[in-house]
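In what follows, every chain begins at residue 1, and chains take the letters A, B, ... in the order their sequences are listed. All values below were derived from every heavy atom in this structure, side-chain atoms included, with hydrogens, water molecules and symmetry-related copies excluded.
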Amino acid sequence: MVLIYTQNWDGKFKKLSYELVSYGVALAKQLSTEAVALSVGNVSQDELKTLGKYGAAKVVSVNDSKLDVFDNKIYSKLISQVAENFGAKVFVFAHNNEGKALAPRLAGKFKAAVVSGVSHLPKSVVPFIISKPVFTGKAYADIKINSEVKVLTLFQNSYGVHENSVQTTVEELNIEIATPSIKIIDKQRATGKVLLTDAEIVVSGGRGMKSPDNWAPLEQLAEVLGAATACSRPVSDEGWRPHAEHVGQTGKIIAPNVYFALGISGAIQHLGGVSNSKCIVAINSDKEAPIFEAADYGIIGDVHKILPELIEEVKKLRA
Amino acid sequence: MKILVCISHVPDTTTKIKFVGGNQFDKTGVQWIINPWDELALTRALELKESSAGKIDNVTVVNVGQAETEPTIRKALAIGADNAIRVNSLPKDAYGVAYQIAEAVKDKGFDLIFAGIESSDFNGVSIGGMLAELLDMQSVSAVSGVELDGDKFKIKRDIDGGYELLSVAAPLVAIVQKGIAIVPRIPNMRGIMTAKTKPLAAVEGVAVDCVSEIIAYEMPKPKPPVKLVQSAGELINLLHNEAKAI
Ligand SMILES: Cc1cc2nc3c(=O)[nH]c(=O)nc-3n(C[C@H](O)[C@H](O)[C@H](O)COP(=O)(O)OP(=O)(O)OC[C@H]3O[C@@H](n4cnc5c(N)ncnc54)[C@H](O)[C@@H]3O)c2cc1C
Ligand SMILES: Nc1ncnc2c1ncn2[C@@H]1O[C@H](COP(=O)(O)O)[C@@H](O)[C@H]1O
């Protein structure tokens with residue numbers, strides 16, 4: 001059995017969970033077994049049923065106010081109990097903060113291999129062989145898993161969402177949850193903005209933007225495109241932009257449909273975070289900049305002059 | 001109190017990656033460094049110790065590796081760790097490494113264990129969480145700040161679009177990412193001199209089964225050359241009509 005760990009935000013699923021279900025269901029089919037989608041927290045029946053649109057025939061829901069605190073020990077224990085209950089042998093998590101926190105704990109519990117950041121189904125299931133990026137995207141490795149239990153984390157926006165409507169049964173599980181040993185003192189969360197990790201289009205600025213005062217047109221381009229904003233490491237190190245926007249090997253690793261690199265040279269450490277983007281657009285005044293080797297489309301020119309033109313063109317297109 | 005920092009020995013981030021025989025990483029000419037996250041974790045561990053008024057009295061680093069990793073471990077000592085443990089074993093998979101670390105440190109009474117979110121070689125994203133599980137300890141991942149707060153730790157954890165401030169009792173494993181420290185400490189002359197005499201204990205690894213193995217490597221497919229255009233209008237047109245991306 002394949003156990004899919006879904007995630008909800010204030011009771012709602014996002015594309016991320018539908019992608020996880022799409023993947024987990026296809027994986028179960030490849031393994032000739034069933035898939036079960038697990039939902040933790042307060043999610044309505046109607047919302048749980050939306051997972052059925054992507055092939056989840058069985059959804060298990062666990063809800064308890066003690067789960068409001070994301071306590072890794074409690075969550076991993078809960079997931080292992082559900083897994084034992086249903087005889088799960090393969091786990092699918094998202095390759096994001098929550099999945100990265102839980103997947104290795106489950107692997108530790110079951111003496112299993114964890115393969116993190118997969119984007120495709122296994123190349124073979126007997127033996128179980130699956131590809132993952134290594135050396136921060138500079139290469140791929142085929143991993144053969146020998147353990148009976150297997151834990152995978154799926155790269156967001158890589159496998160895609162695949163509709164496959166089925167009849168869904170929802171089962172509420174009552175599991176005793178311990179009191180969390182960690183306490184939340186404070187929580188800050190921006191709302192309303194497109195999250196970098198969710199975004200299908202990302203507009204990113206580097207040192208070529210010259211000054212934090214030049215970011216207004218970049219933000220405006222992001223707005224007209226419905227995109228999130230990002231930046232290179234020196235830009236966040238200088239305090240021009242918040243640290244949460246830094247992408248690259250030591251920042252966030254993203255794979256949007258389009259990545260706009262504006263005034264970014266394309267250092268290897270930067271590309272490590274964005275090279276999985278489906279389409280890279282570079283605007284740089286230096287025709288030798290390495291970003292042009294990674295880019296699909298490019299303009300050699302001054303970003304300050306081109307940005308306002310881009311905004312106008314997107315507005316025209318959207319009108 | 002005592003802090004342990006897990007350090008992974010990895011190729012410098014600018015290394016050109018090559019393979020020999022299809023499934024061996026070619027180590028010729030490679031410069032080795034402390035995994036960037038671990039360097040930042042070590043920096044933070046030392047800051048915590050120094051500002052704790054004696055409450056934290058030890059920072060140990062641990063590495064699972066063969067003798068070739070000793071220069072990397074010595075560098076950690078030069079940066080300021082008090083002592084080091086090297087578990088003499090060739091890392092084969094994440095479970096094995098986590099198991100070796102757990103065996104080496106389980107009765108040593110560490111209050112805080114730092115691990116990086118991932119190694120820049122195999123990008124496993126595994127050791128920290130596995131180690132916590134094997135030691136039956138609490139773990140907090142996506143950690144971008146740690147402070148000592150009485151007998152507890154105040155931890156900043158990144159979440160989508162923001163952060164949480166947590167209060168967590170020792171012992172715990174903190175799995176760190178960006179922000180934990182901004183600039184990694186570099187060894188000074190005195191550090192380099194004293195590192196030579198600091199204790200570096202090599203302990204033998206224990207037997208553990210391999211749960212996974214790398215059977216082949218592949219290089220990413222070469223990209224077609226960039227399509228250069230002259231104007232914003234042309235670019236948006238191509239993105240819309242050709243790439244169907246916007
Ligand atoms: C261990 C390690 C980890 C790292 N991790 C990361 C990481 O995660 N992310 C990251 O981004 N970096 C990372 N770096 C840093 C990386 O090596 C580069 O220094 C960095 O990415 C460069 O940022 P940049 O492209 O914004 O700046 P620069 O390299 O200074 O490039 C600026 C670019 O702007 C162009 N430009 C200038 N003026 C204009 C103009 N008017 N119009 C158009 N273009 C213009 C220039 O031609 C140039 O190509 C890391 C480095 C190390 C050593
Ligand atoms: N061989 C090793 N010895 C000690 N610590 C390690 C080793 N490999 C990885 N780690 C730690 O685990 C973190 C995550 O690595 P990984 O799970 O391999 O991506 C690293 O940042 C280190 O803190």
Would you find a donor on one side and an acceptor on the other, under 3.5 Å apart, between the side chain of Q138(B) and the backbone of K73(A)? yes
Report which part of A112(A) has an atom under 4.5 Å of a heavy atom belonging to chain B: side chain, backbone, both, or neither. backbone
Does any heavy atom of chain B fall under 4.5 Å from the side chain of S236(A), the backbone, both, or neither of them? side chain
Nearest heavy-atom pair of R105(A) and S139(B): which atoms, and what distance? NH1-OG, 2.8 Å
When you look at CD of E293(A), are more than 12 heavy atoms from neighbouring residues, nucleotides or ligands closer to it than 6.0 Å? no
Residues 150-166 of chain B vs chain A, non-hydrogen distance cutoff under 4.5 Å, contacting residues -> K154(B), R157(B), D158(B), I159(B), D160(B), G161(B), G162(B), Y163(B), E164(B), L165(B), L166(B)
Side chain, backbone, both or neither of A98(B) within contact of chain A (heavy atoms, under 4.5 Å): neither
Among residues 112-119 of chain B, residues within the sub-4.5 Å heavy-atom range of chain A, in order of number, are I117(B), E118(B)
Is chain B contacted by the side chain of P133(A), its backbone, both, or neither, given a heavy-atom distance below 4.5 Å? backbone
Please classify the contact between L172(B) and chain A as side chain, backbone, both or neither, with a heavy-atom cut-off of under 4.5 Å. neither
Just so I understand: if I count every heavy-atom pair under 4.5 Å between each of T15(B), I182(B), L40(B) and chain A, which residue has the most? T15(B)
Exercise: identify the closest heavy-atom pair between S141(B) and A101(A): CB-CB, 3.5 Å
K132(A) side chain vs F122(B) backbone, donor-acceptor pair below 3.5 Å: yes
Within a 6.0 Å radius of atom NZ on K183(A), are there more than 12 heavy atoms belonging to other residues, nucleotides or ligands? no
Can you tell which part of L310(A) gets under 4.5 Å to a heavy atom of chain B, answering side chain, backbone, both or neither? both
Can you tell which of N257(A), V281(A), D237(A), V115(A) has the highest number of heavy-atom pairs within less than 4.5 Å of chain B? V281(A)
Is Y75(A) close to chain B through its backbone or its side chain, or both, or neither, when contacts mean heavy atoms under 4.5 Å? neither
Interface moiety of L228(B) toward chain A, non-hydrogen atoms closer than 4.5 Å: both
Side chain from CB out, backbone as N, CA, C, O: work out which of these in S231(B) comes under 4.5 Å of a heavy atom of chain A, or both, or neither. backbone
Who among D93(B), L235(B), N237(B), L134(B) has the most heavy-atom pairs with chain A under 4.5 Å? L235(B)
Checking A190(A) against chain B: side chain, backbone, both or neither under 4.5 Å from a heavy atom? both
From NZ (K144(A)) to CD1 (I215(B)), nearest 0.5 Å: 7.0 Å
Do you know which of V125(B), I236(B), D121(B) has the most heavy-atom pairs with chain A at a distance under 4.5 angstrom? D121(B)
